[in-house]
Amino acid sequence: MLAGLDETVLFIIVLVTFFAALEIAFQLGRRHVHRSDDASRSHISALQAALLGLLALLLGFNFAMAASRFDARKTLIQEEVNAIRTTYLRAQLLPPSQREQVSDLLKRYVAARVDFMRAGVDRTQLETTSAATTDIESQLWALAGTSPTVGQASPERVLVIQSLNEMFNTNEKRHAALDNHVPQIVIGLLVAVALGALSFIAYGYGLTSRRRHISTALFALLIAMVFTIIIDMDQPRSGLIRVGEESLVRLQQSMDLNLAR
């Protein structure tokens, strides 16, 4: 629902919604001022405290979920880099002809992974780079299984096959991590509780017929900021907080240097 939505636009939409809820609740409180008494005001204050506590719990819960997914994506990138580097180093143990082919394919593989990271939300480029990655994986696997001699595979070839298997598995884990988001129903519950808490605050001071919009608006602003950061961390391909491809680029540069020698 929120995937691909610009964070600035999202922040403005959430903030306007919060401000609208404040004004509506305040006007509703003013209409009921003559029908309120101490008991009703005490009840409203208790509901405000309960909703604010629930809001704090949900904000922390959502932030923790988004942060854990963000950290998992960063960790998987490093795992993929390590797996590719290990495969590249073990490939140097292969016979010269196969060593050159595997090294060249691994170089192309890293370039495809970098392009995949930089594709953002461009579906066409994502599909192109994914197809290129799958094709290179097939070539690497076929090449690793080709033995110049009949009989048992050499220890070097077994090591390369193991590294390729780990590399492919890590790639699949990264794809799964990119699709692992905070559930939309949890995000919706957070918005609903935030609207309820702000509405009860505005309704409470509406019963006194005195505006306190400035302090409450600042509170709404902070909630909107935290909410936007949560969504930003949960969208790995867009936004301000993104998992960078620097480690893949460094690996690409080191492979270029080795192949140039």
Side-chain angles (χ1 to χ4, degrees), residues 1-71 73 120-121 178-243:
M1 181 175 65
L2 299 175
L5 184 62
D6 183 81
E7 280 72 14
T8 303
V9 175
L10 175 64
F11 175 74
I12 294 173
I13 292 174
V14 171
L15 197 59
V16 169
T17 303
F18 285 170
F19 287 172
L22 288 175
E23 182 61 27
I24 293 172
F26 172 73
Q27 295 297 337
L28 188 61
R30 288 185 62 182
R31 291 186 180 183
H32 296 165
V33 63
H34 299 297
R35 289 183 288 175
S36 65
D37 52 22
D38 291 340
S40 62
R41 292 191 181 95
S42 177
H43 179 66
I44 294 297
S45 298
L47 288 176
Q48 290 175 3
L51 283 172
L52 288 174
L54 182 58
L55 176 60
L57 177 65
L58 286 174
L59 282 173
F61 179 68
N62 278 268
F63 193 92
M65 290 181 68
S68 65
R69 284 160 170 75
F70 180 78
D71 290 337
R73 295 182 188 111
V121 294
L178 289 173
D179 296 329
N180 186 17
H181 302 283
V182 176
Q184 294 292 329
I185 190 171
V186 178
I187 296 293
L189 179 61
L190 173 60
V191 174
V193 172
L195 285 172
L198 292 171
S199 296
F200 269 101
I201 291 174
Y203 183 82
Y205 63 72
L207 292 176
T208 66
S209 297
R210 295 179 59 186
R211 287 184 178 271
R212 295 183 176 88
H213 279 357
I214 295 179
S215 58
T216 311
L218 290 175
F219 181 56
L221 177 65
L222 291 175
I223 296 175
M225 291 173 63
V226 175
F227 176 79
T228 305
I229 291 174
I230 290 172
I231 299 300
D232 192 52
M233 283 197 298
D234 197 45
Q235 298 189 91
R237 296 198 164 279
S238 62
L240 301 175
I241 306 174
R242 301 181 62 179
V243 178

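Pairing each heavy atom of R69 with each of V182, the nearest pair is NE-N, 3.8 Å. In this structure, A202 and A25 approach most closely via the heavy-atom pair CB-CB, 3.8 Å. The two residues I241 and M233 have their closest heavy-atom pair at CD1-CG, 3.8 Å. Summarising the geometry of L198 relative to L22, their closest heavy-atom pair is O-CD2, 3.4 Å, with the distance given to 0.1 Å. Residues A197 and L55 come closest through the heavy atom pair CB-CD2, 4.3 Å. Summarising the geometry of Q48 relative to G204, their closest heavy-atom pair is NE2-CA, 3.6 Å, with the distance given to 0.1 Å.
Between I201 and L52 there is a side-chain heavy-atom pair separated by less than 4.5 Å. Contact annotation: the side chain of L10 approaches that of F227 to within less than 4.5 Å [non-hydrogen atoms, C-beta and beyond]. Looking at N62 and V186, their side chains come closer than 4.5 Å, going by heavy atoms from C-beta outward. Counting only heavy atoms from C-beta outward, the side chains of F63 and I229 approach each other to under 4.5 Å. When side chains are defined from C-beta on, I230 counts as touching L190, because their heavy atoms get closer than 4.5 Å.
Within the structure, every pair that satisfies the salt bridge (Lys or Arg N to Asp or Glu O under 4.0 Å) test and touches residues 14-23, not counting sequence neighbours, is listed here: E23-R211.
One finds the CD atom of Q235 at 13.0 Å from the CZ atom of F70 (value rounded to the nearest 0.5 Å). A distance of 10.5 Å separates OG1 in T17 from CZ in F19, rounded to the nearest 0.5 Å. Separating the OG atom in S68 from the CG atom in N180 is a distance of 8.0 Å, to the nearest 0.5 Å. Of the inter-residue distances, the one linking F200 atom CZ with L47 atom CG reads 4.5 Å to the nearest 0.5 angstrom.
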What donor-acceptor contacts under 3.5 angstrom involve side-chain atoms of residues 215-222, with partners at least two apart or in another chain?
residue	atom	partner	partner atom	Å
S215	OG	R212	O	3.4
T216	OG1	R212	O	2.9

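Between Y203 and H32, the ring planes lie perpendicular to each other; the angle is over 60°, past the 30° to 60° tilted range.
Of the options V16, D232, T228, I231, a side chain to side chain contact (heavy atoms under 4.5 Å, CB included) to F11 is made by T228 and by none of the others.
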